[in-house]
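As structure tokens, the structure follows; a few thoughts come after it.
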Amino acid sequence: THSSLDFDGLSCLVAAKKLYPKAQAVLPASLEKSVREFILFYGEELDLIRESECSLSDIDKLIVVDTHLKSRLGKFAELVDKPGMEIHLYDHHPRTHEDIKAREDITKNVGATSTLLVELIKKRGINISPFEATVLSLGIYEDTGFFSFPTTTPLDLEIAAFLSSKGADINTIARYLRRAITEEDLFILSELLK
């Protein structure tokens with residue numbers, strides 16, 4: 001997934017691991033603060049390794065989630081053009097002329113990439129725990145702004161309802177997605193108003 005990992009990226013890693021159980025989900029070098037805090041608390045329950053622990057020489061299939069751009073893949077960018085590399089890509093961002101060319105490319109205009117992956121999990125009847133449902137929900141709630149962004153689709157709502165039925169914990173979602181205004185935010189707002 002992309003650098004400066006947000007909750008949609010993290011949710012996609014968890015979902016991709018459900019869809020590709022033999023794959024290894026890899027955290028990028030940089031994480032958003034709230035994601036870093038979540039991983040500090042729940043990291044042992046997630047089957048993730050850090051980018052620095054991963055050897056590129058052993059990789060023959062690359063599953064890219066929540067980005068189409070090679071420039072956002074950190075050290076994995078060098079694998080994109082490797083001869084014989086099989087790439088599967090899942091994203092919800094608008095296409096560009098710089099998109100990675102993938103053998104399997106699932107891109108839809110939805111509020112969150114997590115929505116696409118969970119839709120596949122649901123269709124394939126893959127079992128998910130309440131904890132996994134919570135993590136998967138974090139991405140959808142974050143990237144849809146709690147379903148208030150104009151990019152939110154009926155599919156985002158449907159998949160969120162599905163995850164709720166699987167035991168997603170709304171209290172945990174609210175705790176990690178709460179956006180408090182910081183002192184620095186207030187200073188910047190004050191300066192802009194001046």
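The model shown is predicted, which means the values in this text are computed figures rather than measured ones.
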Examine L116 and I100 and state if one hydrophobic cluster contains both, with Ile, Leu, Val, Met, Phe, Trp and Tyr joined whenever side-chain heavy atoms are less than 4.5 Å apart.
no

Nearest non-hydrogen partners of D47 and A25, listed with the distance:
O-CB, 3.8 Å

L10 and L48, any side-chain heavy atoms less than 4.5 Å apart
yes

Do you reckon I140 sits in the same ILVMFWY cluster as F149, going by side-chain contacts under 4.5 Å, direct or chained?
no

Smallest heavy-atom separation, S55 atom then S57 atom, equals OG-OG, 2.9 Å

Mind checking the CD1-OG spacing from I170 to S137? Nearest 0.5 Å is all I need.
7.5 Å

So how far is it from I121 CD1 to K18 NZ, rounded to the nearest 0.5 Å?
7.0 Å

Please report the interatomic distance OG(S30) to CZ(R36), rounded to the nearest 0.5 Å.
9.0 Å

side-chain hydrogen bond (donor to acceptor under 3.5 Å, both in side chains) with H92: which of T151, D143, D156?
D143

Cluster link I49 to L19, ILVMFWY, side chain under 4.5 Å:
no

Could you tell me if the side chain of T134 sits less than 4.5 Å from the side chain of I173, heavy atoms only?
yes

A side-chain contact here means heavy atoms from C-beta on lying under 4.5 Å apart; do L120 and I106 qualify?
yes

Walk me through whether L56 and K75 qualify under side-chain contact (heavy atoms from CB on, under 4.5 Å).
CA-CA 8 Å; L56 297 184; K75 79 178 195 178; 4.0 Å; yes

From CA spacing to verdict: side-chain contact (heavy atoms from CB on, under 4.5 Å), V64, R72:
CA-CA 10 Å; V64 178; R72 296 200 67 201; over 6 Å; no

Atom NE2 in H88, atom CD in E104: separation rounded to 0.5 Å?
5.0 Å

Distance-minimising heavy-atom pair for L5 and V35
O-CG2, 3.5 Å

Side-chain contact test, heavy atoms from C-beta onward, threshold under 4.5 Å: evaluate it for F76 versus V26 and give yes or no.
yes

Quick one: does any side-chain atom of D8 pair with a main-chain N or O of T113 as donor and acceptor, under 3.5 Å?
yes

More than 12 heavy atoms from other groups under 6.0 Å of CZ on F41:
no

Looking only at non-hydrogen atoms, find the nearest pair between L136 and S114 and report the distance.
O-CB, 4.0 Å

Using side-chain contact (heavy atoms from CB on, under 4.5 Å), reason through H93 and D66 one step at a time and then give a plain yes or no.
CA-CA 7 Å; H93 296 99; D66 203 29; 3.1 Å; yes

Looking at side-chain heavy atoms only, is the closest gap between M85 and I59 below 4.5 Å?
yes

Quick test of your reading of the model: are E78 and K82 salt-bridged, counting only N-O distances below 4.0 Å?
no

Test log, rule side-chain contact (heavy atoms from CB on, under 4.5 Å), inputs L46 and F38
CA-CA 10 Å; L46 301 167; F38 183 84; 4.3 Å; yes

Please report the closest heavy-atom contact between S11 and L138, naming both atoms and the distance.
OG-C, 4.0 Å

Could you give the distance from CG (N127) to NZ (K166), rounded to the nearest 0.5 Å?
6.0 Å

Give the minimum heavy-atom separation between F146 and A174, together with the two atoms involved.
CZ-CA, 4.4 Å

For R103, does the CZ atom sit with more than 12 other heavy atoms under 6.0 Å from it, leaving out its own atoms?
no

To the nearest 0.5 Å, tell me how far D6 CG sits from S3 OG.
10.5 Å

Can you confirm whether Q24 sits close enough to E53 that some side-chain heavy atom of one is under 4.5 Å from a side-chain heavy atom of the other?
no

Just one of T67, L27, V65 clears the side-chain contact (heavy atoms from CB on, under 4.5 Å) bar with T1, so which one?
V65

Would you check if K122 and E158 make a side-chain contact, meaning some heavy-atom pair closer than 4.5 Å?
yes

Please answer: with hydrophobic residues joined when any side-chain heavy atoms are less than 4.5 Å apart, are L73 and Y20 in the same cluster?
no

Does some side-chain heavy atom of I128 sit less than 4.5 Å from a side-chain heavy atom of L163?
yes

So, K194 and E191, do they make that salt bridge, N to O below 4.0 Å?
yes

May I ask whether F7 and Y90 are part of the same hydrophobic cluster, defined by side-chain heavy atoms of I, L, V, M, F, W, Y residues being less than 4.5 angstrom apart, directly or through others?
yes

